[in-house]
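In what follows, chains carry the letters A, B, and so on, assigned in the order in which the sequence lines appear, proteins first and then strands, with residues in each chain numbered from 1.
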Protein chains: 2
Amino acid sequence: MKKPKAPQPKPGGPTQKGQCAKRVSILDAAAEVFCREGFAGASIDEIAMEACVSRQTVYNHYREKETLFMAVVQDILDRANAALFSILATFPDNADNLEDDLTAFAVRLNKNCVCNHDGKFIRKLVQTEGERYPHLFEIWRQQGPGKIGTAVAALFARLSHVARLDIDDFDLAAKQFLALVNADLQTNSFFGGTPTDGELEKSARAAVRTFLRAYGSPAVRGAGDIKELRQETA
Amino acid sequence: MKKPKAPQPKPGGPTQKGQCAKRVSILDAAAEVFCREGFAGASIDEIAMEACVSRQTVYNHYREKETLFMAVVQDILDRANAALFSILATFPDNADNLEDDLTAFAVRLNKNCVCNHDGKFIRKLVQTEGERYPHLFEIWRQQGPGKIGTAVAALFARLSHVARLDIDDFDLAAKQFLALVNADLQTNSFFGGTPTDGELEKSARAAVRTFLRAYGSPAVRGAGDIKELRQETA
DNA sequence: GTAAAGTTAGACACCATTGTCTAATTCGTC
DNA sequence: GACGAATTAGACAATGGTGTCTAACTTTAC
């Protein structure tokens, strides 16, 4: 007598790559285990157990360990990419309040791309296994979060047309913006736990303020000694 | 007939923890292999081979794999710490040219702490094995590069007394400074290769310029629209 | 030279893992 | 209910790792 641990999938089986429940269950479990244990430390048995699936089923869907690993990477990259573009699409066309808009943008970026499950996973996997599979570096740059820099640079170029930013080098500004946005997280929460919403918001606002002090054109520079300078002027 | 692959050490043996040649040879090799393969993927045989030492000798010096791993971590941390303090000590007391001084500081920091062998190793090891050994997070924060933030904050506090910086929150400014300094490296060279001296210098200068545009007090803010503002004032 | 300590290659037991195979079972469709 | 495809548990050989042990060898100190 066998106990069915999970509802069985529709027939059609492992040959169709699409939306089989077991398939995604395996992918998710594999991501978890690969990320926790590294490629070498992850065992297929552990993955199968965590996916509530037999080892043979894992081998039915993914010929061998390496195939499974690559599928995990591609899956996470696809999701991360989708998240990135959905976030970029929601940036308001006419940014009335640049500080608030950028802050909200930074928070969403961190929450859904950088600090979330997928973001941490893909970064850790690339760092951990990149030396063994240099291919990972390439696809990370071309398909993965490596694209965020370019995307943000394009956003800044668009924004600068409405004359609220004073930027010479958009690529550099984008890199620095992203670096500032992650400044807090790197030293504090990146290695250990997950930052709370409050921490995300707070560190994003601090980053945006500093960014705007450096790059905001005078019209939107609200804070600090610039204001005083202006008052001196009057 | 046995072939001596390496000169034999002075007697006294593995019991004295100090400066035995085999000991450091093992430590170096272990660091390399652990970092390349991860804890699970690293094999003692491989480490022994790379250290030109027999497996038994490895076990003589370090009781088991985990002992060796921890010794590697501690060794790298010690070196990284020494490097950090030596760099901090060389910062000029009366910074005449803040931009140049900070740039040189940032370059040395990256070259000798963050982007060098040890810096990459310790970061990768903590990221890779931190989940298995949460202890690593702690010592990284307390003894390792986690201290850089505090140290730089103290440096800024000292500098601000000579009235060349306009900083509210020294810790935040330090984090942001470090983030800016690494902005380029993270997106470009961190995962793949090692940045050249030219890249280091260039990205450090760009970072310092942005930092000073945000945090420099008016007296040293040389660039951009601030100057224009001042001229408006005159 | 001798003794003591360290080092070495190799054998060894033990264990975990990969990937294959088989026979039994379950599920959805007809 | 019957069929086909997927799934399952378990056995299995092969491989490679850990950590121990031994006997021989090398080096330094005395």
Side-chain angles (χ1 to χ4, degrees), chain A residues 1-27 29-30 33-34 36-72 129 132, chain B residues 1-27 29-30 33-34 36-72 129 132:
Chain A
M1 185 88 85
K2 303 294 160 64
K3 48 183 186 314
K5 294 179 180 180
Q8 294 301 98
K10 298 201 199 85
T15 44
Q16 41 171 291
K17 301 273 172 179
Q19 63 301 358
C20 169
K22 302 249 172 193
R23 240 188 132 74
V24 317
S25 169
I26 293 172
L27 269 189
V33 177
F34 276 134
R36 192 172 59 228
E37 316 280 348
F39 180 82
S43 92
I44 302 284
D45 283 324
E46 201 175 347
I47 292 171
M49 257 187 49
E50 207 146 309
C52 298
V53 141
S54 76
R55 174 175 59 241
Q56 188 54 51
T57 302
V58 176
Y59 282 108
N60 284 346
H61 284 274
Y62 304 94
R63 195 168 43 82
E64 58 187 359
K65 198 179 179 182
E66 198 171 314
T67 314
L68 175 57
F69 179 73
M70 291 306 176
V72 166
E129 309 299 339
R132 192 190 303 269
Chain B
M1 185 89 84
K2 301 292 163 60
K3 51 181 186 314
K5 295 180 178 180
Q8 295 300 98
K10 299 202 197 84
T15 43
Q16 42 171 287
K17 300 276 174 181
Q19 65 300 358
C20 168
K22 303 251 172 189
R23 240 187 132 75
V24 317
S25 169
I26 293 171
L27 268 190
V33 176
F34 276 135
R36 193 172 59 227
E37 316 280 348
F39 180 83
S43 93
I44 302 284
D45 284 323
E46 200 174 347
I47 292 170
M49 257 187 49
E50 207 146 313
C52 298
V53 142
S54 76
R55 174 175 57 243
Q56 188 55 50
T57 301
V58 176
Y59 281 108
N60 283 346
H61 284 274
Y62 304 95
R63 194 168 42 81
E64 58 186 0
K65 196 179 179 183
E66 198 172 314
T67 314
L68 176 56
F69 179 73
M70 291 307 176
V72 165
E129 310 299 338
R132 193 190 303 268

Engineer: Please list each protein N or O that sits under 3.5 Å from an N or O in nucleotides 11-15 of chain D, with the distance.
Structural biologist:
unit_1: D:dA11; atom_1: N6; unit_2: A:R55; atom_2: NH2; d: 2.9

Engineer: Tell me: CZ of B:R23 to C1' of C:dT7, nearest whole Å?
Structural biologist: 15 Å
Engineer: Of A:K65 and B:T57, whose closest DNA chain C nucleotide lies nearer the 5' terminus?
Structural biologist: B:T57
Engineer: State whether A:H61 places a side-chain N or O below 4.0 Å from either non-bridging phosphate oxygen (OP1 or OP2) of D:dA6.
Structural biologist: no
Engineer: Hey, which sits more toward the 5' end of DNA chain D by its nearest nucleotide, B:Y59 or B:Q56?
Structural biologist: B:Y59
Engineer: Please round to the nearest 0.5 Å and tell me the distance separating atom NE2 of A:H61 and atom CG of A:L68.
Structural biologist: 11.0 Å
Engineer: I'd like to check A:N60 versus A:Q56 (side-chain heavy atoms, cut-off strictly below 4.5 Å). Are they in contact?
Structural biologist: yes
Engineer: So which pairs with a foot in residues 57-66 of chain B pass salt bridge (Lys or Arg N to Asp or Glu O under 4.0 Å), sequence neighbours left out?
Structural biologist: none
Engineer: What closest approach, in Å, do B:I47 and B:A29 show between heavy atoms, and which atom pair accounts for it?
Structural biologist: O-CB, 3.7 Å
Engineer: What is the distance from CD1 of A:I26 to C1' of D:dA6, rounded to the nearest Å?
Structural biologist: 12 Å
Engineer: What residues, two or more places apart in sequence or in another chain, satisfy salt bridge (charged side-chain N to carboxylate O under 4.0 Å, His left out) together with A:E50?
Structural biologist: A:R36
Engineer: Using atom CG of A:N60 as one end and atom P of D:dG4 as the other, report the distance to the nearest whole Å.
Structural biologist: 19 Å
Engineer: Which residues in residues 42-50 of chain A have a heavy atom closer than 4.0 Å to any atom of DNA chain C?
Structural biologist: A:A42, A:S43, A:I44, A:D45
Engineer: Nearest whole angstrom, please: distance from the P of C:dG6 to the NZ of B:K22.
Structural biologist: 13 Å
Engineer: Taking ring-ring contact (aromatic ring centres under 6.0 Å, His included) as the test, write out the residues that go with A:F39, two or more places apart.
Structural biologist: A:F34, A:F69, A:Y133
Engineer: Please state how far atom OH in A:Y62 lies from atom P in D:dT7, giving the value in whole angstrom units.
Structural biologist: 11 Å
Engineer: With the side chain of B:S54 defined as its heavy atoms from C-beta on, choose the nearest nucleotide among D:dT18, C:dC21, C:dA9.
Structural biologist: C:dA9
Engineer: With sequence neighbours left out, what residues match B:R55 under salt bridge (charged side-chain N to carboxylate O under 4.0 Å, His left out)?
Structural biologist: B:D45
Engineer: My understanding is that only residues two or more places apart in sequence, or in another chain, count here; which of them pass side chain to side chain donor-acceptor pair (under 3.5 Å) with A:S43?
Structural biologist: none
Engineer: Applying side chain to side chain donor-acceptor pair (under 3.5 Å), name anything that partners A:S25, two or more places apart in sequence or on another chain.
Structural biologist: none
